[in-house]
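Note that the numbering runs from 1 along the sequence shown for the chain. The analysis underlying the following values was restricted to heavy atoms, covering all of them including side chains, and did not include hydrogens, waters or symmetry mates.
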Amino acid sequence: MCCFSGSVRSVTNTRIFARILPDHRQALIYSMSLDTPRDVAMILPIPVAAGSGEDAVKFISLEKYPDIFSDLHLLFVPSGTFFGVSDSVRSAPAAKAKLEVVRIGAFNASFVPSIKDFSRLDEQFRLPSGVWEKLGNYSQYGFAVFKLRKGRANVHPMAFSFPTALGPRLFLPTVHIHDGKVHATAGFDHTLYVQTLNGKNPNVHNWEESESLAKSSINMENSRGLVAARQHVFRMTMHGRLRNVDVVV
């Protein structure tokens, strides 16, 4: 999802990686190019398992691996090809404590356990009241919130893991809210990457599969355990005007 707390000029080159980790948590890595006239929050809804606490989300810094998506792309370049990479709400009682804010690389991040807990964030980092209700299906979700500075930038990969409510299925947040309004369709410029459990999942049969194992191009140490070395990666691109929904595989 590209859900922003305020209007932004443009969001392009969105790339998302998802994988189920050995401890039954889902890993998610998110990157994009952003141009915004003011500080904004990017809000990612996540299907967190019921009963998870406020520490359910583990934020992981990939500041030392800004090229992880370039390396994922290399897995799909045919052998022998020369390739140059140039990637450059409802209010809760005011008495509740503020949510924890952690510094992850170049930005601050928070986990919002439920829609009602958005009142515990600074007002400038919330969506307009009622937006989540209009989208539907998010009443049981939590939300990862990343606070981004104004200007034009290639945002280095944002990464975290969470206890998933979807079992072995992978959730990729692709719904758009760029202007505080919910639209049935949206302009997509997305590349999605996944690694499935044991390298098998019938829901990715129409995705492109990498020629080689992830370890052939991924710096495994810098990926912080989020990418499985001895598995292939699947890829799907989404470009143009498409239905404004999340992707689950």
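- Between the side chain of Asp39 and the backbone N or O of Lys150, at least one donor-acceptor pair lies under 3.5 Å.
- Using a 4.5 Å cut-off on side-chain heavy atoms (C-beta onward), Thr14 and Asp189 make no contact.
- Between the side chains of Ser33 and Asn154, at least one donor N or O sits under 3.5 Å from an acceptor N or O.
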Exercise for the section: Please report the C-alpha distance between Phe143 and Phe118 in whole Å, then the side-chain angles of each, then the deciding distance to 0.1 Å, and finally whether the ring-ring contact (aromatic ring centres under 6.0 Å, His included) criterion is met. Expected result: CA-CA 9 Å; Phe143 304 84; Phe118 273 101; 5.0 Å; yes
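- To the nearest 0.5 Å, atoms CG (Leu75) and NE2 (His232) are separated by 9.5 Å.
- Looking at heavy atoms from C-beta onward, Phe160 lies in side-chain contact with Ile46 at the 4.5 angstrom threshold.
- The salt bridge (Lys or Arg N to Asp or Glu O under 4.0 Å) pairs that include a residue from residues 221-239 are Glu208-Arg235, where partners are two or more places apart or lie in different chains.
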Exercise for the section: Mind running side chain to side chain contact (heavy atoms under 4.5 Å, CB included) on Met158 and Met42 for me, showing each step along the way? Expected result: CA-CA 11 Å; Met158 297 167 279; Met42 184 183 75; 3.3 Å; yes
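- Remark: Tyr65 engages Asp71 in a side chain to side chain donor-acceptor pair (under 3.5 Å) (not counting sequence neighbours).
- Looking at residues two or more places apart in sequence or on another chain, you find a salt bridge (charged side-chain N to carboxylate O under 4.0 Å, His left out) between Arg152 and Asp35.
- With rounding to the nearest 0.5 angstrom, the OG atom of Ser161 is 5.5 Å from the NZ atom of Lys58.
- Proximity of Leu172 to Val249: side-chain heavy atoms (C-beta onward) are separated by under 4.5 Å at one or more points.
- How far CG of Leu170 is from OG1 of Thr164: 8.0 Å, rounded to the nearest 0.5 Å.
- In this structure, Arg15 CZ and Leu192 CG are separated by 12.0 Å, a value rounded to the nearest 0.5 Å.
- In this structure Ala56 satisfies the side-chain contact (heavy atoms from CB on, under 4.5 Å) test together with Val48, Ser52, Phe111, Pro163, sequence neighbours excluded.
- Annotation for Gln26 and Leu28: closest pair NE2-CD1, 3.7 Å, computed over non-hydrogen atoms.
- Tracing side-chain contacts under 4.5 Å through hydrophobic residues (I, L, V, M, F, W, Y), one reaches Met32 starting from Met238; they form part of the same cluster.
- At least one donor-acceptor pair under 3.5 Å links the side chain of Asn219 to the backbone N or O of Asn222.
- Residues Val247 and Ile16 form no side-chain contact, since every pair of their non-hydrogen atoms from C-beta on lies 4.5 Å or further apart.
- Here the side chains of Pro47 and Phe162 are in contact, with some heavy-atom distance below 4.5 Å.
- Side chain of Asp246 to main chain of Thr174: a donor-acceptor pair is present (N/O by atom type, distance under 3.5 Å, no hydrogens or angles).
- To the nearest 0.5 Å, atom CD1 of residue Ile20 and atom CD of residue Gln195 are 11.5 Å apart.
- At a threshold of 4.5 Å between side-chain heavy atoms, the hydrophobic network of Ile, Leu, Val, Met, Phe, Trp and Tyr places Phe76 and Phe69 in one connected group.
- Proximity of Phe188 to His239: side-chain heavy atoms (C-beta onward) are nowhere separated by under 4.5 Å.
- Linking ILVMFWY side-chain heavy atoms closer than 4.5 Å, directly or via other members, places Trp207 and Leu213 in two distinct hydrophobic clusters.
- The side-chain contact (heavy atoms from CB on, under 4.5 Å) test applied to Asp23 returns Leu21, Arg25, not counting sequence neighbours.
- Ring geometry for Phe146 against Phe59 counts as perpendicular: the plane angle is over 60°, on a 0 to 90° scale with 30° as the lower cut.
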Problem - Residues Leu226, Leu62; criterion side chain to side chain contact (heavy atoms under 4.5 Å, CB included); working and verdict - result: CA-CA 10 Å; Leu226 299 178; Leu62 290 181; 4.3 Å; yes
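- With sequence neighbours excluded, the residues satisfying side-chain contact (heavy atoms from CB on, under 4.5 Å) with Val248 are Leu166, Arg169, Phe171.
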Practice task
Evaluate the criterion side chain to side chain contact (heavy atoms under 4.5 Å, CB included) for residue pair Val233 and Leu72; output intermediate values, then yes/no.
Solution key: CA-CA 8 Å; Val233 176; Leu72 283 166; 4.2 Å; yes
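- Taking OG of Ser216 as the start and CG of Leu74 as the end, the distance is 8.5 Å to the nearest 0.5 Å.
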